[in-house]
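Notes follow the structure.
One is the number of the first residue; the rest follow in order along the sequence.
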Amino acid sequence: MSVFFATPRPSEPPLSSMVLWRIISSMKPINEWFDSEYNITNRVYRFENGVELLHSQNPATKDFVFSSVLHAGAAFESMMGVPDGTAHFLEHLFIEPNTRFKTKHMIDRFEYGDRSRPSLYVNAATSVKYLYLYGSCNEKGRDRLLERMDSILDYPDNWFEKYMRKERSVILAEHSHMYKREKDPDFQLVRFLIGKDLPHLTKRVIGEVDDIKQITPDDLRRFRSGLFLPKNTVFAVHSSGELSVKVRQDLERMADRFGNSDVEVFPPDEQLENRFDLRSFRDSREEGVSMSLNYFFEKTKTVDYPRRVLRALASELFQKVGFDYLREKKGLVYSFQVFSVSWLTYQYRVSGFKCTTPVDRWERLLPELDNVIYERVLNFLTGREGKVWFEHAVSRYMYPNTTPYEYDYAEKRALDILDDTEVWVFDRAVEIAKTTTREDLCRYVEKEILAVPPRMWVLSPYPKEKILAPVYRSPLYRRWTEHSISSMET
């Protein structure tokens, strides 16, 4: 027996046809699609207890990647009646020694590679929305990785007390690396955007010092028992080949760790409104003046392919015109960026524009930025050069380049399955792009962007009076001043 195994592994007799049938039949196929953008075949299965599995089969990879993703992020803590930071604390404990790997030394010896076998990478993470337990390795380490991940999912509740003191100390040390909330520009930006409407999403995942100090083993048990449920969990596997009977058997055992409850926990409802708002935040670490215009776009359960294609084309359009004019012609910025993030809330995507300029160009930038967004973009698109650019943009759908490898490919798509939303399929977007016209894009820009009031965030090392005075004089401000305004300085 190898010294690297935590427990003896008896030889496995050949599976009878009845056992083999039970293992295979317990994973019911419920969906399948081919992603030509990545050359990956995706199959979704459901175990008998309701846990779902996404297997992304990628013939080009040498990796075996496993993730368990759960609706068990920090946003659920108030719902479960536990202190802030409980989800993050639980994540820390999951990768501590357990009944199968009783010491850190045993974990290291099991996860280390040598000349005869690959190393394993195992970790856990928490966000506001999700809790992740994941690992990866060369495909030859597949069985060992699944054994290690199973030991994590099987972590005994009565071991929480054993490592809480040490992990509490580690988490408090982690917290000491952070800025105070009133001085943290990232935290303040989130609070500005959604704090009034979605306070349960406007907090630090790690919790605050007082929260961390008061978390108890009972809090951890309450949070785990309330959220580690079959219908609250999706497994993701990314590998080169089909799933063997052995792997299916291991995955079924891991799914069984979540019991047989029919309870399904849903995130709280969200309601966000696009309205003009303005905030200036002072941070002495900054050099110039950074600003962003932020917009909310509600997510849909099914993919609206025409709208998604238009959104992507609009992003390229604004990126092109903003860069060419504000940087190349006027020299006001180094870069003009179009961004879109979906991690902030469950039901909305936050998109917009951002750029940075020296303070002596700040007042000159504001009217030029307004001119780019509300005049130049459509003038360019409807002109002769816009026609050439549009055909170029559509061709990128029809003749895509090789897409770089993404180790978390399956995990990202598993989040859509967990949120009960349709997974994006590139080939369907290609067919839509072929029939999309410039007129379609013009209508989209006018309705979805130009008619929508932004939330304007300004970050600089300067006093509010110095930074906001040019904003109040700008056409961008005057365009939306009939809406409510609030400006603050921290």
Side-chain angles (χ1 to χ4, degrees), residues 49-54 65-96 98 121-136 148-157 159-160 163-164 167-168 170-171 174-175 200-207 211-212 215-237 251 254-255 257-259 261 263-268 342-346 407-408 410-421:
N49 66 349
V51 172
E52 294 188 356
L53 162 70
L54 168 63
V65 184
F66 171 84
S67 297
S68 176
V69 294
L70 300 98
H71 273 155
F76 293 88
E77 290 163 341
S78 57
M79 183 189 303
M80 293 292 110
V82 298
D84 289 353
T86 299
H88 177 258
F89 207 127
L90 184 62
E91 167 228 310
H92 271 243
L93 289 172
F94 272 131
I95 57 176
E96 286 293 329
N98 53 47
Y121 176 73
V122 175
N123 211 335
T126 312
S127 69
V128 171
K129 295 162 62 175
Y130 311 107
L131 192 147
Y132 309 78
L133 304 169
Y134 58 95
S136 62
R148 176 71 177 110
M149 298 307 303
D150 183 52
S151 77
I152 292 173
L153 295 176
D154 193 33
Y155 193 94
D157 285 2
W159 274 51
F160 288 154
Y163 291 100
M164 278 201 72
E167 283 307 316
R168 196 188 311 273
V170 170
I171 294 169
E174 181 181 355
H175 190 280
H200 64 288
L201 296 176
T202 314
K203 61 180 181 178
R204 283 178 164 163
V205 170
I206 192 174
D211 302 317
I212 298 166
I215 295 171
T216 68
D218 285 341
D219 293 325
L220 299 171
R221 284 188 273 268
R222 184 183 305 114
F223 190 81
R224 183 184 190 181
S225 64
L227 294 173
F228 279 58
L229 305 169
K231 293 186 177 180
N232 219 32
T233 307
V234 175
F235 291 167
V237 172
L251 292 170
M254 294 162 72
R257 304 294 182 199
F258 293 87
S261 172
V263 174
E264 191 167 1
V265 181
F266 297 96
S342 60
W343 55 263
L344 201 58
T345 84
Y346 286 99
Y407 78 94
D408 56 351
E411 182 183 279
K412 290 177 179 177
R413 285 146 186 84
L415 295 178
D416 288 332
I417 297 170
L418 183 62
D419 290 341
D420 194 28
T421 57

**Report entry** Phe94/Phe228 under ring pair (Phe, Tyr, Trp, His ring centres under 6.0 Å): CA gap, chis, key distance, verdict
**Finding:** CA-CA 13 Å; Phe94 272 131; Phe228 279 58; 5.5 Å; yes
Requested in this report: Check for a donor-acceptor pair, side chain of Thr126 on one end and backbone N or O of Leu131 on the other, with a separation under 3.5 Å.
Outcome: no
Query raised in the report: Is there a side-chain contact between Pro83 and Asp219 (heavy atoms, below 4.5 Å)?
Result: yes
Report task. Starting from the C-alpha separation in whole Å, work towards a yes-or-no answer on side chain to side chain contact (heavy atoms under 4.5 Å, CB included) for Arg168 and Ile171. Result -> CA-CA 5 Å; Arg168 196 188 311 273; Ile171 294 169; 5.9 Å; no
**Report entry** side chain to side chain contact (heavy atoms under 4.5 Å, CB included) assessment of His175 paired with Ile206
**Finding:** CA-CA 7 Å; His175 190 280; Ile206 192 174; 4.0 Å; yes
Query raised in the report: Any side-chain heavy atom of Tyr130 sitting closer than 4.5 Å to one from Asp419?
Result: yes
**Report entry** Heavy-atom check, side chain of Glu96 versus side chain of Trp159, under 4.5 Å
**Finding:** no
Requested in this report: Hey, could you give me the OH/CD1 distance between Tyr134 and Ile95, rounded to the nearest 0.5 Å?
Outcome: 8.5 Å
Requested in this report: Could you go through the side chain to side chain donor-acceptor pair (under 3.5 Å) check for Ser151 and Asp154 one step at a time?
Outcome: CA-CA 5 Å; Ser151 77; Asp154 193 33; over 6 Å; no
Report summary line: Minimal heavy-atom distance between Phe223 and Gly73, with the atoms involved, is CZ-O, 3.7 Å
Report task. Answer yes or no: is there a donor N or O on one side and an acceptor on the other, between the side chain of Asn49 and the main chain of Ala255, under 3.5 Å? Result -> yes
Query raised in the report: Are Phe76 and Leu70 close enough, and set up right, to give a side chain to side chain contact (heavy atoms under 4.5 Å, CB included), and what steps lead you there?
Result: CA-CA 11 Å; Phe76 293 88; Leu70 300 98; over 6 Å; no
Query raised in the report: Looking at NE2 of His200 and CE of Met79, how far apart are the two atoms once the value is rounded to the nearest 0.5 Å?
Result: 7.5 Å
Query raised in the report: CG/Leu54 to CZ/Phe235 distance, rounded to the nearest 0.5 angstrom?
Result: 12.5 Å
**Report entry** Expected output: side-chain Tyr346 to main-chain Lys129 donor-acceptor under 3.5 Å
**Finding:** yes
Requested in this report: For Val128, enumerate each residue passing the side-chain contact (heavy atoms from CB on, under 4.5 Å) test, keeping only those at least two apart in sequence or located in another chain.
Outcome: Ala75, Leu201, Val205
Query raised in the report: Between Thr233, Val234, Leu251, which is the residue that forms a side-chain contact (heavy atoms from CB on, under 4.5 Å) with Leu53?
Result: Leu251
**Report entry** Exercise: identify the closest heavy-atom pair between Asn232 and Val265
**Finding:** OD1-O, 3.4 Å
Query - Electrostatic pair Asp218:Arg221 at N-O distance under 4.0 angstrom - result: yes
**Report entry** Side chains of Phe66 and Arg148 in contact at under 4.5 Å (non-hydrogen atoms)
**Finding:** no
Report summary line: One should read off an interatomic distance between Arg224 CZ and Leu90 CG, to the nearest 0.5 angstrom, of 7.0 Å
Query raised in the report: Can you list the steps and then say if Met149 with Val122 is a side chain to side chain contact (heavy atoms under 4.5 Å, CB included)?
Result: CA-CA 8 Å; Met149 298 307 303; Val122 175; 3.9 Å; yes
Query raised in the report: Is the closest side-chain heavy-atom distance between Ile215 and Met164 below 4.5 Å?
Result: yes
Requested in this report: Please confirm whether the backbone N or O of Ala87 pairs with a side-chain atom of Glu77, one donor and one acceptor, at under 3.5 Å?
Outcome: yes
Query - Interatomic distance, Glu167 atom CD to Ile212 atom CD1 [nearest 0.5 angstrom] - result: 11.5 Å
Query raised in the report: Are Thr86 and Met80 close enough that some pair of their side-chain heavy atoms sits under 4.5 Å apart?
Result: no
Query raised in the report: Is Tyr132 close to Glu91 at the side-chain level, that is, under 4.5 Å between some pair of heavy atoms?
Result: no
Report task. Nearest 0.5 Å please: distance from the CG atom of Leu133 over to the CD1 atom of Ile152. Result -> 6.5 Å
Query raised in the report: Would you say the ring centroid of Tyr155 lies under 6.0 angstrom from that of Tyr163?
Result: no
